[in-house]
Amino acid sequence: MQDPVDRSRRRFIFQTGVGLLAAASMPAWVRAMEMHGMPKLTPNRASPAFKPDVEIELAARQGSISILPGQATRVQHYTAKLLSGPKDTLTELPSCYLGPIIRLQKGQKVRIHFRNDLMEPTITHWHGLHVPALMDGHPMYIIDPGETFVYEFEVINRASLNIYHPHPHEITARQVYYGLAGGLIINDEEEARLELPSGEYEIPIVLQDRRFNAQNQLIYGPHMHDRMMGFYGDRILVNGQPNAEFEVASRAYRFRFLNGSNARIYKLGWSDGTPVTVIGVDGGLLESPETFPYVMLAPGERLDVWADFSGRPKGTELTMRSLPFSGVLPMMAEHMMGRGGRGGMGGGMMGGMGMMGAMALPVGSDYPLFKIRVTRETGESPKLPSRLSKIDRYTLDDVANPSKPVPIAISESPMAMLLNGRSYAFNDIQPFERIPLDTVQLMEIFHTSGGGHGMGGMGHGMRGRMMGMMGGHGSEAQEEGQGMGGMGMRGGMGMMFSMAHPIHLHGDQFQIISRTVAVDRADSYATVKDGLVSSGWKDTVLVMPGETVRMIKPFHHFKGVFMYHCHNLEHEDMGMMRDFLIE
């Protein structure tokens, strides 16, 4: 296969014997990145032909901020300066390490000068935006300390809440954990006509969990169990602050939820049982409001919630909680947590799982996220529109591959988290990962065995399922993939390590057309299924153990390399990440 990257621009550290000697003294992250064959490219520069409507200077740098009482916490954070464009383009969140909210309008041409003021490489990805491959923040475009990468793109997304965050290979999780993340809101005319709550009545809510030591410094040092499960904190931060409270009037608000945690999945529900009214997801507004008893929110996902406090008297308090659920961790880990996970566990993986059981905030437990306090009564409030937007829905008649969906096969083992049986390696694009430009593709995400070993192994179950995907008779291959031979999805090892994964696809967003779950996972699935929002446009989807998600994704506008990966960031850094080549 022809290399999708111009080799003349590469600068490999391991090209010569001198390079090998030099590498021995380099930091581990440099050696790891170069060992995976990741090229180091010349940073993109501003194009004289590009005439921006908005121009921003954005920097990633070290800093400190007061999060807990006492000593300030050292963080990494984004800072920004507006060079030209509307005055409301940048909004700082008060007393917060998170980057400023960037607000753009559909149709604007945007130039962002991104400077790396850290002491390590980084690059920024515009999670949710559909931009050219060069502007997407692929790890191949990492820049060294002191370098600047210039992004230039036209906003073609519909109105939506998106994210900007780092995407350097193998250190994304740590950089996000230490604070590098921010929200990016797109507005458009369709949304403006609805006159939804805005200004002080539109509240961003970024959920994160963190661990602190006695000196108020962030703790991040994932051991093997943290890498397998994802890194979980014992304290919830909302917009970068603990014990969050919002004072509201007795009227309707628009809450813009973003799960900025590395791994934690939330089950959002009001403390008094009030249903949750969803008006939008990752890719913007739904066609009509949808009401749920609770809603699930996985890392990388966003939710647009209509929160109406009309008729509630002054002094009313209401809490948004994460409600109990099960099934997102491997069965063994959840079993240990159910027993308390506190006594007599050995070292290694078993001991690690036991430590998770002793967490102050066990995964799937019941705990508060933030409090609402009604401090002002008013009789004025907008009404919830019955119709929100127009979405052109895809069907199987629109896809180029109705009998051969593009597979995204999830497999887990103690030492590897894999997609399609392979750990990430640059320029390792498989035939089914090459997608013709301007096609609409049926895709299927499913769980298989934990059987891929090392960097490229493929378990028997997955091999059968994948053969079915590419060969046309999916049902027969699926039976092989779910066999009981020890390597199938329902085999002992596969079930032992199977867990939930939020799968994120770069580029065009997709539409979910079906979700099915294996019979032996139905009990756990029942604790989350009524809160899975499958309508509208998505770019990140929570896939539960034993679940198969079918979706339709267009591949329009841009050629090049676009990633798909697990948005449990520890899994991503372990290599649970692949590339599509759009050609």
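Quick caveat, the model's predicted, so the values are computed rather than measured.
Between Val528 and Leu542 there is no side-chain heavy-atom pair separated by less than 4.5 Å. By the 4.5 Å heavy-atom criterion applied to side chains, Met544 and Val328 are counted as neighbours. Between Met499 and Pro330 the shortest side-chain heavy-atom distance falls below 4.5 Å. No side-chain heavy atom of Lys529 sits under 4.5 Å from any side-chain heavy atom of Val517. The side-chain heavy atoms of Met443 and Tyr564, taken from C-beta on, include no pair separated by under 4.5 Å. When side chains are defined from C-beta on, Trp126 does not count as touching Asn162, because their heavy atoms never get closer than 4.5 Å. For the pair Ile205/Leu258, no side-chain contact is recorded, criterion being any heavy-atom separation below 4.5 Å from C-beta on. Residues Leu396 and Ile513 are in side-chain contact: their nearest non-hydrogen atoms beyond the backbone lie under 4.5 Å apart.
Atom CG of Asn116 is separated from atom CD1 of Ile142 by 9.5 Å, given to the nearest 0.5 angstrom. In this structure, CD1 on Ile163 lies 7.5 Å from CG on Asp539, to the nearest 0.5 angstrom. Distance CZ/Arg515 to CZ/Arg550: 14.5 Å, rounded to 0.5 Å. In this structure, the separation between CG on Asp226 and CZ on Arg211 is 5.0 Å, given to the nearest 0.5 Å. One distance of note links CZ of Phe212 with CG of Asp234; it measures 9.0 Å at 0.5 Å rounding. Taking CG from Asp136 and OH from Tyr141, the interatomic distance works out to 9.5 Å, rounded to the nearest 0.5 Å.
Residues passing the side chain to side chain donor-acceptor pair (under 3.5 Å) test with Tyr177, sequence neighbours excluded: none. Residues satisfying the salt bridge (charged side-chain N to carboxylate O under 4.0 Å, His left out) test with Lys553, not counting sequence neighbours, are none. Scanning for salt bridge (charged side-chain N to carboxylate O under 4.0 Å, His left out) contacts around Arg256 gives Glu202, Asp304, with sequence neighbours left out. Not a single salt bridge (charged side-chain N to carboxylate O under 4.0 Å, His left out) links Arg210 to another residue, sequence neighbours left out. Applying the ring pair (Phe, Tyr, Trp, His ring centres under 6.0 Å) rule to Phe292 yields no partners; only residues at least two apart in sequence or on another chain are considered.
A donor-acceptor contact under 3.5 angstrom links the side chains of Asp508 and His130, judged on distance only. Under the 3.5 Å distance criterion, with hydrogens and angles disregarded, a donor-acceptor pair is assigned to the side chains of Tyr266 and Ser261. For the residue pair Glu301 / Asn259, no side-chain donor-acceptor distance below 3.5 Å is found, with atom types taken as modelled. Side-chain atoms of Asp209 and Tyr367 include no donor-acceptor pair closer than 3.5 Å.
A salt bridge does not link Glu433 with Arg422: none of the charged nitrogens is closer than 4.0 Å to a carboxylate oxygen. We find that Lys267 and Asp366 are not joined by a salt bridge, their nearest charged nitrogen and carboxylate oxygen being 4.0 Å or further apart. Salt-bridge formation is not detected for the pair Glu547/Arg521: no Lys NZ or Arg NE/NH1/NH2 atom is positioned less than 4.0 Å from an Asp or Glu carboxylate oxygen.
The closest donor-acceptor contact from the side chain of His571 to the backbone of Met228 lies under 3.5 Å. In this structure, Asn568 contributes its side chain and Met229 its backbone to a donor-acceptor pair below 3.5 Å. Using modelled atom types, no side-chain atom of Arg264 and backbone atom of Gly230 make a donor-acceptor pair closer than 3.5 Å. Between the side chain of Thr527 and the backbone N or O of Ser326, at least one donor-acceptor pair lies under 3.5 Å. Asn239 places a side-chain N or O within 3.5 Å of a backbone atom of Pro204 that can act as its donor or acceptor partner. Using modelled atom types, no side-chain atom of His125 and backbone atom of Pro139 make a donor-acceptor pair closer than 3.5 Å. Side-chain N or O atoms of Gln175 include none that pairs as donor or acceptor with a backbone N or O of Ala173 at under 3.5 Å. Using a distance-only test at 3.5 Å, with no hydrogens or angles considered, no donor-acceptor pair links the side chain of Gln441 to the main chain of Ile435.
Across all their heavy atoms, Ser322 and Ile265 have their closest contact at OG-O, 4.5 Å. When all heavy atoms of His504 and Thr540 are compared, the pair lying nearest together is ND1-OG1, 3.2 Å. Across all non-hydrogen atoms, the minimal contact from Pro362 to Ser365 is O-OG, 2.6 Å. Closest heavy-atom contact between Ile429 and Leu581: CD1-CB, 3.5 Å. In terms of heavy-atom proximity, Cys566 sits nearest to His501 at SG-ND1, 3.5 Å. Among all heavy-atom pairs drawn from Gly300 and Arg302, the shortest one is O-NH1, 2.8 Å.
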Evaluate the side-chain contact (heavy atoms from CB on, under 4.5 Å) criterion for residues Leu297 and Leu207: first the C-alpha distance (whole Å), next the side-chain angles of each, then the deciding distance (0.1 Å), finally the verdict. CA-CA 10 Å; Leu297 189 66; Leu207 299 174; 4.2 Å; yes
Let me see the working for Asp428 and Arg578 under side-chain contact (heavy atoms from CB on, under 4.5 Å), right down to the final yes or no. CA-CA 8 Å; Asp428 183 40; Arg578 300 288 304 160; 2.9 Å; yes
Working note: His506 + His565, criterion ring-ring contact (aromatic ring centres under 6.0 Å, His included); need CA distance, chi angles, decisive distance, verdict. CA-CA 9 Å; His506 292 210; His565 58 84; 5.2 Å; yes
May I have the step-by-step check of side-chain contact (heavy atoms from CB on, under 4.5 Å) for Val399 and Tyr394, ending in yes or no? CA-CA 8 Å; Val399 305; Tyr394 285 113; 5.9 Å; no
Take Phe510 and Val541 through the test side-chain contact (heavy atoms from CB on, under 4.5 Å) and record every step on the way to the result. CA-CA 10 Å; Phe510 54 81; Val541 58; 4.1 Å; yes
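Annotation for Asp523: atom CG does not count as buried by contact number, only 12 or fewer foreign heavy atoms lying within 6.0 Å.
Relative orientation of the His127 and His567 rings is perpendicular, given thresholds of 30° and 60° on the angle between their planes. Between His138 and Tyr424, the ring planes lie tilted relative to each other; the angle falls in the 30° to 60° range.
In this structure, Arg174 is not positioned above the aromatic face of Phe231 in the sense of NZ or CZ being under 6.0 Å from the six-membered ring centre and within 45° of the axis.
Applying the salt bridge (charged side-chain N to carboxylate O under 4.0 Å, His left out) rule to pairs touching residues 562-573 yields nothing, sequence neighbours excluded.
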